[in-house]
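The basis for the numbers below is simple: all heavy atoms, side chains too, and nothing from hydrogens, waters or symmetry mates. For clarity, every value in this text was computed on a predicted model and none was experimentally measured.
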Amino acid sequence: MAISDFSNNLKLLCSYGRSISDICRKSGINRQQMIRYIGGKSTPSLQTLRRICDFFGLDDHEIFL
């Protein structure tokens, strides 16, 4: 798993939303944790990864491309 690809792609996806807080509220993901994912400081569990991908309409592997 390339964490930099994941964090860069997540940052890009979040830029299309109103705000990170809004995305977190709608997707049910903790905001502080989302900030860590975007910053490349942490990687999500498989369950959280699926929740992120479902929210953005992606397959699990696409967020790492």
Side-chain angles (χ1 to χ4, degrees):
M1 169 180 352
I3 185 110
S4 63
D5 291 339
F6 170 75
S7 62
N8 288 336
N9 290 339
L10 185 58
K11 189 182 304 182
L12 178 65
L13 290 167
C14 287
S15 73
Y16 294 117
R18 260 177 60 185
S19 68
I20 291 173
S21 295
D22 186 54
I23 290 168
C24 291
R25 251 189 316 278
K26 290 178 179 175
S27 65
I29 297 167
N30 180 282
R31 184 181 170 279
Q32 290 301 323
Q33 210 43 46
M34 181 70 92
I35 297 294
R36 288 186 195 106
Y37 302 150
I38 291 170
K41 295 181 167 94
S42 182
T43 57
S45 67
L46 187 55
Q47 180 182 5
T48 303
L49 177 64
R50 285 190 179 136
R51 189 181 299 165
I52 291 169
C53 289
D54 286 347
F55 179 79
F56 288 111
L58 301 171
D59 288 331
D60 293 358
H61 71 280
E62 290 177 315
I63 201 160
F64 296 103
L65 298 176

Next on the checklist: Test of understanding: with salt bridge (Lys or Arg N to Asp or Glu O under 4.0 Å), list the residues that count as partners of Lys11, not counting sequence neighbours.
Outcome noted: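 Partners of Lys11 by the salt bridge (Lys or Arg N to Asp or Glu O under 4.0 Å) criterion come out as none, since no residue qualifies.
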Cut-off 3.5 Å, no hydrogens considered: what does the side-chain donor-acceptor table look like for residues 44-52, sequence neighbours left out?
from	atom 1	to	atom 2	distance (Å)
Ser45	OG	Thr48	N	3.2
Ser45	OG	Thr48	OG1	3.1
Arg50	NE	Asp60	OD2	3.2
Arg51	NH1	Gly28	O	2.8

Next on the checklist: Under the criterion side chain to side chain contact (heavy atoms under 4.5 Å, CB included), I'd like the reasoning laid out for Leu10 against Met34: C-alpha separation, chi angles, the key distance, then a yes or no.
Outcome noted: CA-CA 9 Å; Leu10 185 58; Met34 181 70 92; 3.7 Å; yes
Checklist entry - Taking all non-hydrogen atoms of both residues, which atom of Cys14 and which atom of Ile38 are closest, and how far apart? => result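 Looking at all heavy atoms of both residues, the closest pair is SG-CD1, 3.9 Å.
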Next on the checklist: How close do Ser42 and Tyr37 get, counting heavy atoms only, and between which atoms?
Outcome noted: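 Closest approach of Ser42 to Tyr37: O-CD2, 3.5 Å.
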Next on the checklist: List the residues meeting side chain to side chain donor-acceptor pair (under 3.5 Å) with Lys41, not counting sequence neighbours, and say none if there are none.
Outcome noted: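 Once residues adjacent in sequence are excluded, Lys41 has no partner under the side chain to side chain donor-acceptor pair (under 3.5 Å) criterion.
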Item to check | Residues in side-chain contact (heavy atoms from CB on, under 4.5 Å) contact with Asn30, at least two apart in sequence or another chain | outcome: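 For Asn30 the side-chain contact (heavy atoms from CB on, under 4.5 Å) partners, ignoring immediate neighbours, are Gln32, Gln33.
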Checklist entry - With sequence neighbours excluded, what pairs up with Leu13 under the side-chain contact (heavy atoms from CB on, under 4.5 Å) test? => result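 side-chain contact (heavy atoms from CB on, under 4.5 Å) check on Leu13 returns Phe56, Leu58, Ile63.
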Next on the checklist: If I take atom CZ from residue Phe64 and atom SG from residue Cys53, how far apart are they, to the nearest 0.5 angstrom?
Outcome noted: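 Result: 7.0 Å between the selected atoms.
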Checklist entry - Got a second to check how far Arg31's CZ is from Ser19's OG, nearest 0.5 Å? => result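 Reported to 0.5 Å precision, the distance equals 8.5 Å.
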Checklist entry - For Tyr16, which fellow cluster members are found when Ile, Leu, Val, Met, Phe, Trp and Tyr are connected by side-chain heavy-atom distances below 4.5 angstrom, either directly or through intermediates? => result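 When side chains under 4.5 Å apart are linked, the cluster holding Tyr16 also contains Leu12.
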